[in-house]
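Here is the structure we will look at, set down as structure tokens.
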Amino acid sequence: MYKQRIVIKVGTNVMTNKDNRIVRPVLRRLVSQIAELYERNIICVLVSSGSVIAGKEILGKSKIKDKTQRRQVYSAIGQPRMMRLYYNIFQDYGMKCAQVLPTKRDFNPGVHRENMIKCCEGLLSEGVIPIANEDDAVSVTMSMFSDNDELASLVAQLLNADKLIILTDIDGLYNGHPDSEKSELIENVGVQENVNRYIKESNKGEAEGRGGMGSKLDYAQKAAANNIPTYIANGKKDNTIIDIIDGKNVGTKVAKIKTLQH
């Protein structure tokens, strides 16, 4: 038995540079922290974006006009590339990883849900790190998650995780624009708290992540309502995951009020 199980979601903006290219050292830092936690008997599940942008890097500009079909193609090309990157890095740390590609209907009560629980529990029992991403190659409209923030929240609830960590490219939720010197980081958010006044939705390109801060907070509050404290923090900084596990004040914590103290 592990002391804790943690779900970590890493967004496209964390793993890419300003030219939308995947930065391998970022993935390496992520995996090194997962490996360190494993030595402490804390197991992680990784929910990773990046397949669409990884496919776009290989294919370049697509001639396909239909946006959904184009995304499917990019994802189908990019997903094995992402897994190869992760596979090699995990191997460097003496660890194993596995690919899990759910669609939204897999979380509905029934045989699909039971099969996914069995698969993930089996992997964790063997010390294998599941890497989940939406199956963009087949997920369209009704079977799509709104973004990987939703997927991470659902996975955390499915596996009764002890914590959910959502890594993004800023330090957390601010009470103004993150780039403004006047803005301050909001360290704690309650499950019922209305934070819409702080949300500034971004305009992202098609290969970038779909979820903005509003989405992150929405799904963080849903996980927290199910007794899973959730953290929104900067994945580009060193040791963010370890710092959170060690109880340091990092990012924005979303939790039921009585567990807000770090």
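Fair warning: this is a prediction, and the values are worked out from it, not measured in the lab. All values below were derived from every heavy atom in this structure, side-chain atoms included, with hydrogens, water molecules and symmetry-related copies excluded. For this chain, numbers begin at 1 and follow the sequence in order.
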* To do: To the nearest 0.5 angstrom, please state how far the OG1 atom of Thr230 sits from the CG atom of Leu217.
  => 10.0 Å
* To do: Please check if the side chain of Asp171 supplies one atom and the backbone of Val250 the other of a donor-acceptor pair under 3.5 Å.
  => no
* Asked: Could you give all pairs that pass the ring-ring contact (aromatic ring centres under 6.0 Å, His included) test and reach residues 27-46, with sequence neighbours left out?
  -> none
* Tell me whether the centres of the aromatic rings in Phe107 and Phe145 are closer together than 6.0 Å. => yes
* Rounded to the nearest 0.5 Å, how far does CE of Met15 lie from CG of Asp169? -> 11.5 Å
* Got more than 12 heavy atoms from elsewhere within 6.0 Å of OH, Tyr93? -> yes
* Over all atoms of both residues, closest heavy-atom pair of Lys9 and Ser49 -> CE-OG, 4.1 Å
* May I ask whether Leu154 and Val100 are part of the same hydrophobic cluster, defined by side-chain heavy atoms of I, L, V, M, F, W, Y residues being less than 4.5 angstrom apart, directly or through others? => no
* Is there a side-chain contact between Gln79 and Met83 (heavy atoms, below 4.5 Å)? -> yes
* Taking C-beta and beyond as the side chain, do Leu37 and Cys44 meet within less than 4.5 Å on heavy atoms? -> yes
* Decide yes or no for Arg5 and Asp162: does some side-chain heavy atom of the first lie under 4.5 Å from some side-chain heavy atom of the second? => yes
* CD1-CG distance between Ile244 and Asn249, expressed to the nearest 0.5 angstrom -> 10.5 Å
* **NZ (Lys237) with more than 12 external heavy atoms under 6.0 Å** => no
* Within a strict 4.5 Å, meaning less than it, do heavy atoms of the Ile241 and Leu167 side chains meet? -> yes
* Asked: Is the backbone N or O of Arg84 less than 3.5 Å from a side-chain atom of Asn88, with the two atoms forming a donor-acceptor pair by type?
  -> yes
* **Charged N-O contact under 4.0 Å between Glu150 and Lys222** => no
* Asked: Is there a path from Tyr198 to Met213 through hydrophobic residues (I, L, V, M, F, W, Y) whose side chains come within less than 4.5 Å of each other?
  -> yes
* Please check if Met116 and Val111 belong to a single hydrophobic cluster, counting links between Ile, Leu, Val, Met, Phe, Trp and Tyr side chain heavy atoms closer than 4.5 Å. => no
* Between Ile64 and Ser62, which heavy-atom pair has the shortest distance, and what is it? -> N-OG, 3.0 Å
* **NZ/NE/NH1/NH2 to OD/OE distance under 4.0 Å, Lys216 and Asp149** => yes
* Are Tyr219 and Ile166 close enough that some pair of their side-chain heavy atoms sits under 4.5 Å apart? -> no
* **Distance (rounded to the nearest 0.5 Å) between Met82 CE and Ile22 CD1** => 4.5 Å
* Asked: So which heavy atom on Thr252 is nearest to which on Ile186, and how close?
  -> OG1-O, 2.7 Å
* To do: I would like to know whether Tyr87 and Ile131 meet side chain to side chain contact (heavy atoms under 4.5 Å, CB included); could you show each step before the answer?
  => CA-CA 10 Å; Tyr87 182 90; Ile131 301 178; over 6 Å; no
* Asked: Side chain of Gln4, backbone of Lys163: donor and acceptor closer than 3.5 Å?
  -> no
* Asked: Just by modelled atom types, is the Thr12 backbone N or O under 3.5 Å from a matching donor or acceptor in the Thr16 side chain?
  -> yes
* To do: Could you state whether Ile43 and Ile245 fall into the same hydrophobic cluster, counting links through intermediate Ile, Leu, Val, Met, Phe, Trp or Tyr residues with side-chain heavy atoms under 4.5 angstrom apart?
  => yes
* Salt bridge flag under 4.0 Å for residues Arg40 and Glu36 -> yes
* To do: Compare all side-chain heavy atoms of Val23 with those of Lys236 and state whether any distance is below 4.5 angstrom.
  => no
* Asked: Only one of Leu123, Ile34, Val45 forms a side-chain contact (heavy atoms from CB on, under 4.5 Å) with Ile129, so which one is it?
  -> Ile34
* Asked: Which distance, rounded to the nearest 0.5 Å, do you find between the CG of Leu173 and the CG of Leu185?
  -> 7.5 Å
* To do: Report yes if some heavy atom in the side chain of Val10 is under 4.5 Å from a heavy atom in the side chain of Val26; otherwise report no.
  => no
* Closest approach of Tyr2 and Leu124, non-hydrogen atoms and distance? -> OH-O, 3.1 Å
* Asked: Would you find a donor on one side and an acceptor on the other, under 3.5 Å apart, between the side chain of Ser125 and the backbone of Gly122?
  -> yes
* Asked: Any chain of hydrophobic side-chain contacts (each under 4.5 Å) joining Val128 to Val47?
  -> no
* How far apart are the closest heavy atoms of Ser153 and Leu164, and which atoms are they? -> CA-CD2, 3.9 Å
* Asked: Any sub-3.5 Å donor-acceptor pair from Gln221's side-chain atoms to Gly190's backbone N or O?
  -> yes
* Distance, nearest 0.5 Å, that separates NE2 of His112 from CZ of Arg105 -> 7.0 Å
* Arg28 vs Asp92, side chain to side chain contact (heavy atoms under 4.5 Å, CB included): CA-CA, chis, key distance, verdict -> CA-CA 9 Å; Arg28 187 167 288 280; Asp92 288 344; 3.0 Å; yes
* Asked: Between the side chain of Asn194 and the main-chain N/O of Asn196, is any donor-acceptor distance below 3.5 Å?
  -> yes
* Under 3.5 Å, is there a donor-acceptor pair between the side chain of Arg29 and the main chain of Asn239? -> no
* Donor-acceptor pair, Asn226 side chain versus Ile228 backbone, under 3.5 Å? -> no
* Where is the tightest heavy-atom contact between Tyr74 and Val52, given as atom of each residue plus distance? -> CB-O, 3.6 Å
* **Test item: Tyr231 and Ile6 side chains (from C-beta on) under 4.5 Å apart, heavy atoms** => no
* Before accepting this row, confirm whether a basic side-chain N of the pair Glu126/Lys96 lies closer than 4.0 Å to the acidic partner's carboxylate O. => no
* Step-by-step side chain to side chain contact (heavy atoms under 4.5 Å, CB included) determination, Arg197 to Asn175 -> CA-CA 8 Å; Arg197 64 189 183 281; Asn175 60 7; over 6 Å; no
* Not counting sequence neighbours, which residues clear side chain to side chain contact (heavy atoms under 4.5 Å, CB included) with Val191? List them please. => Ala224, Ala225, Lys256
